[in-house]
Every structure is written in structure tokens, then in C-alpha cells.
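Quick notes on the structure that follows.
Since this is a predicted model, take the numbers as computed values, not measurements. The chain is numbered in sequence order, starting from 1. Hydrogens, waters and symmetry mates are skipped; everything else that's a heavy atom, side chains included, is used.
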Amino acid sequence: MVVVTGAAGFIGARVVEALKARGTDVASVDHRAAFDGRPEHAGLDFGQRVDVDDLGGWLKAVTITAIVHLGACTDTREMDRSYLNRVNLEASQELWSHATRAGIPLIYASSAATYGDGALGYDDDEALIARLRPLNPYGQSKQDFDMWVLAQERAGHHPRAWTGLKFFNVYGFGERHKGRMASVVLHAFDQVQSRGFVSLFRSHRDGIADGHQSRDFVFVGDVVETVIAMLDRPPSRGIFNLGSGTARTFLDLTRAVFTALDRPADIRFIDTPVDLRAQYQYFTEARMTRLRDAGFARHPIDLERGVEHYVARLSRAAHV
């Protein structure tokens, strides 16, 4: 049995979907209300459902083969450090300790938010991790767990196999519940449908034109395939980037949405909200060498094709 935490979340639900399609026995962990309260989960078989508040006791009573830990608060606007420490750090530490005692593999979600403003680049060389400076408490909570993991490994307290994945900007079906934190693809789709044009943030940095802020956008299907491959053939250890390896602009992304909808592009610019400006990343691009060398990075789907797949599924869901 594979345990997936954050199973009712965006990436978690897609991982569960892929595992169940293979016939894998799955235990899905999340807040109980999240399983039934999101229309995008219609028809999804979560297998055995476990409320996150019951997880500690439940784990003591069952035998499992692996943990995919995707549960977290992913809101980059969350400023309550004690809450983030409890949900993102301490809960992850407990699962690490369980996987260590049980001798089973653990895959966990880190984040590209650990790279901060990118001053040190986006190289997942573990020797650089201690020097990273995240821009917000969410990123710091992910950084803190990465650092704790490496310290545990040095002390000899670690699972049989373990992997941390620094997700870059993941997009794809199943993220509507994230609201403001959902990808620009979803927001653009909704805006085109409701008003015929899309609003993007202006650039507030010299030398970067409006709409030319660039991110490493990675399709959720590529993320899921990597996670499944690691369950089939667990790497012995390591913290790896997981992106597409190529930065693309928000203009590229938004134009792809218009193309997928067969509509002429109408893109307008608005000021970036003041509360986001200090933590806004103007460029991210995953260095994928280590993951490829480990044998896990497939050739990623290109942005236009990924957006086309996503928009098609959004369109189907809108007509159900």
C-alpha cells in the first residue's frame, strides 16, 4: 500500500489517479472534507481515505510500502510561521521518522520557492542548499525541512530510500480549489471565458518588459510520471529539481491559452499587488542535470502542448 498525503490537493489527486489506474493499493491522506468538497475530484477513486488528524495512529496499525508526502500549506502569502512550522515542517519530520523506522521509501515535496530571488541560480547541488534565502515563510518552511533532512542523513537517521523534489511552477487540471494561488493558465482560461481578455501583472523591474517575467512551467503529467517512476525504482537518496528545464514568459503562457481556445489574444497589464512585490520571482529555471543523470527526467511536454491538454480538460469539465 502506498500512502499519498495531500491526496485531495492538486498534485496529490493526480498521483492518486495515476496509481489507481495501475491497480496500486492507495491510502489517501487529507482533511476529510476536502475529498468530497471539490467538483474536480468527481469520479476519482481515492482508495482508502485517512483524515490527516488520524494519520499518526493509523500508521501504527498498518503496513505500507512507501510514502509520497505532498501534503502542505502551499500559500505563499501565509505569514503565520508557527502554523507553517507545524504543517510543513513538523508533520514532514514525523513522516520521515516513520519511514525510517519502517524501512520504506519516502518521496516528499520541496519547492522552487527555496531559491528565493534566484541570486544563487537554480542549481540543485546540495552543497548550495544552506546558502539559499527564500523570500517568504512558505519557502522558508520548505528550506527548513530540506536542511533538517540533510542533517538527519548525516546523523544516520534516514529511510531506506528518500527523495525531495523541488517543484517549479506546476500547472494542470485539478487546481481550481487553490483560488488565487492556482496557475495563470486557469486564471487566463476563466478570464477569456468571462470577459474575453486576460490581465497580467506589469513588470516592476528595470530591464524586464511587461509580460516577460519568466518561470519554469511544468505540466502536472510530467511531475506525476516522475513520482511514479521513483516509486517503481526508488533512488537511494537526494534532493532534486523537478521542472521543465526551460523558462518561458507569462506572455507565452497566456498566448497559448488563447490559441488553445481558438481566440485572438487580448492581453492587458495591471500593477502587481503591493503585498506580492517583495516576494515576486521574475525568473526561474530548473537545472535538470542531476535528475536526468539519475535516470528520471523524461523529455517534458512543451508549454503549448501542455496548455492545450489542460484547456481541453477544463473545457470538458465545464460542460459536464
Checking Leu253 against Arg248 for the side chain to side chain contact (heavy atoms under 4.5 Å, CB included) test, could you report, in this order, the C-alpha distance in whole Å, the side-chain angles of both residues, the deciding distance, and whether it holds? CA-CA 7 Å; Leu253 188 77; Arg248 299 289 299 274; over 6 Å; no
For a side chain to side chain contact (heavy atoms under 4.5 Å, CB included) check, start with the C-alpha distance between Phe10 and Val223, then their side-chain angles and the critical distance, and finish with the verdict. CA-CA 11 Å; Phe10 166 36; Val223 170; over 6 Å; no
Item to check | Asp232 and Arg22: CA distance, side-chain angles, deciding distance, salt bridge (charged side-chain N to carboxylate O under 4.0 Å, His left out) verdict | outcome: CA-CA 12 Å; Asp232 288 341; Arg22 288 162 37 117; 2.7 Å; yes
Derivation and outcome, side chain to side chain contact (heavy atoms under 4.5 Å, CB included), residues His157 and Ser97 = CA-CA 8 Å; His157 181 73; Ser97 295; 3.8 Å; yes
### Task
Starting from the C-alpha separation in whole Å, work towards a yes-or-no answer on side chain to side chain contact (heavy atoms under 4.5 Å, CB included) for Ser315 and Leu261.
CA-CA 9 Å; Ser315 298; Leu261 288 168; 4.3 Å; yes
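Within the 3.5 Å criterion, the main-chain N or O of Val26 finds no donor-acceptor partner in the side chain of Gln48. Looking at Asn88, its side chain does come within 3.5 Å of a backbone N or O of Cys73 through a donor-acceptor pair. Judged by distance alone, the side chain of Gln143 and the main-chain N or O of Ser111 form no donor-acceptor pair under 3.5 Å. Between the side chain of His98 and the backbone N or O of Gln93, no donor-acceptor pair lies under 3.5 Å. Remark: the backbone N or O of Ile301 is paired with a side-chain donor or acceptor of Asp222 at under 3.5 angstrom. Counting only distance, with no hydrogens or angles, the side chain of Arg38 and the backbone of Ala8 share a donor-acceptor pair below 3.5 Å. A donor-acceptor pair under 3.5 Å links the side-chain atoms of Thr284 to the main chain of Asp216, judged by distance alone.
Using a 4.0 Å cut-off between a side-chain N of Lys or Arg and a carboxylate O of Asp or Glu, Arg180 and Asp275 qualify as a salt bridge. Taking a cutoff of 4.0 Å between a charged side-chain nitrogen and a carboxylate oxygen, Arg176 and Asp190 qualify as a salt bridge. By the 4.0 Å N-to-carboxylate-O rule, Arg14 lies close enough to Glu17 to be salt-bridged with it. A salt bridge is defined here as a Lys NZ or Arg NE, NH1 or NH2 lying under 4.0 Å from an Asp or Glu carboxylate O, and Glu40 with Arg313 fails to meet this definition. Note on Asp36 versus Arg49: salt bridge recorded, some NZ/NE/NH1/NH2 to OD/OE distance being below 4.0 Å.
Within 6.0 Å of NE2 in His31 there are 12 or fewer heavy atoms belonging to other residues, nucleotides or ligands.
By the 4.5 Å heavy-atom criterion applied to side chains, Arg290 and Asn241 are not counted as neighbours. Side-chain contact between Glu175 and Tyr310: present, with at least one pair of heavy atoms (C-beta onward) separated by less than 4.5 Å. A 4.5 Å side-chain heavy-atom check between Asp146 and Tyr108 finds at least one atom pair inside the cut-off. Between Tyr171 and Leu303, the closest side-chain pair of non-hydrogen atoms falls below 4.5 Å. Thr74 places none of its side-chain heavy atoms less than 4.5 Å from the side chain of Met181. In this structure the side chain of Ile104 never reaches within 4.5 angstrom of the side chain of Thr65, judged on heavy atoms. With contacts defined as side-chain heavy-atom distances shorter than 4.5 Å, the pair Lys178/Leu186 does not qualify. A heavy-atom distance below 4.5 Å is not found between the side chains of Phe168 and Ser244.
Under the 3.5 Å distance criterion, with hydrogens and angles disregarded, no donor-acceptor pair is assigned to the side chains of Asp124 and Tyr115. Neither side chain, Glu304 nor Thr259, offers a donor N or O lying under 3.5 Å from an acceptor on the other. A donor-acceptor pair shorter than 3.5 Å cannot be found between the side chains of His212 and Thr249.
One hydrophobic cluster, built from ILVMFWY side chains closer than 4.5 Å, cannot hold both Ile11 and Ile239; they sit in different ones. Taken together through direct or relayed side-chain contacts under 4.5 Å among Ile, Leu, Val, Met, Phe, Trp and Tyr, Met288 and Leu128 form parts of separate hydrophobic clusters. If you chain together hydrophobic residues whose side chains sit under 4.5 Å apart, Trp162 and Phe240 never meet in one group. Side-chain heavy atoms closer than 4.5 Å link hydrophobic residues (I, L, V, M, F, W, Y) into clusters, and following such links, possibly through other members, connects Leu165 to Leu19. Leu70 and Tyr138 end up in different hydrophobic clusters when Ile, Leu, Val, Met, Phe, Trp and Tyr side chains are linked at under 4.5 Å.
Atom CD1 in Ile107 sits 8.0 Å away from atom CD1 in Ile228 (nearest 0.5 Å). Here the CG atom belonging to Leu200 is positioned 10.0 Å from the OG1 atom belonging to Thr272, to the nearest 0.5 angstrom. Summarising the geometry, atom CG belonging to Leu276 is positioned 7.5 Å from atom CZ belonging to Arg77; distances are rounded to the nearest 0.5 Å. Between Leu84 atom CG and Arg81 atom CZ the span is 8.5 Å, to the nearest 0.5 Å. Going from atom NE2 of His69 over to atom CH2 of Trp96 covers 11.5 Å, rounded to the nearest 0.5 Å. To the nearest 0.5 Å, the span separating OG on Ser110 from NZ on Lys142 amounts to 6.5 Å.
Considering all non-hydrogen atoms of both residues, Gly196 and Phe258 come closest at O-CE2, 3.9 Å. Contact record, Asp54 with Arg32: OD2-NH2, 3.6 Å, taken as the closest heavy-atom pair. The two residues Leu132 and Thr114 come nearest to each other via the heavy atoms CB-O, 3.3 Å. For the residue pair Ala161 and Pro234, the shortest heavy atom distance occurs at CB-CB, 3.9 Å. Here the closest non-hydrogen pair linking Asp117 and Ala119 is OD1-N, 2.9 Å. Of all heavy-atom pairs between Glu308 and Ala260, the closest is CA-CB, 4.0 Å.
Using a 30° and 60° split on the angle between ring planes, Trp148 and Phe145 fall in the parallel class, below 30°.
Here Phe46 and His41 bring their ring centres to under 6.0 angstrom of each other. For an aromatic pair to be called close, the ring centres must be under 6.0 Å apart, and Phe250 with Phe217 satisfies this.
Because its NZ or CZ atom is not both nearer than 6.0 Å to the ring centre of Phe201 and within 45° of the ring axis, Arg277 does not count as a cation-pi partner of that residue. Stacking of Arg195 on the aromatic ring of Phe197 is recorded, both the 6.0 Å distance cut-off and the 45° axial limit being met. Taking the centre and axis of the six-membered ring of Tyr280, the NZ or CZ atom of Arg215 falls inside the cone set by 45° and 6.0 Å.
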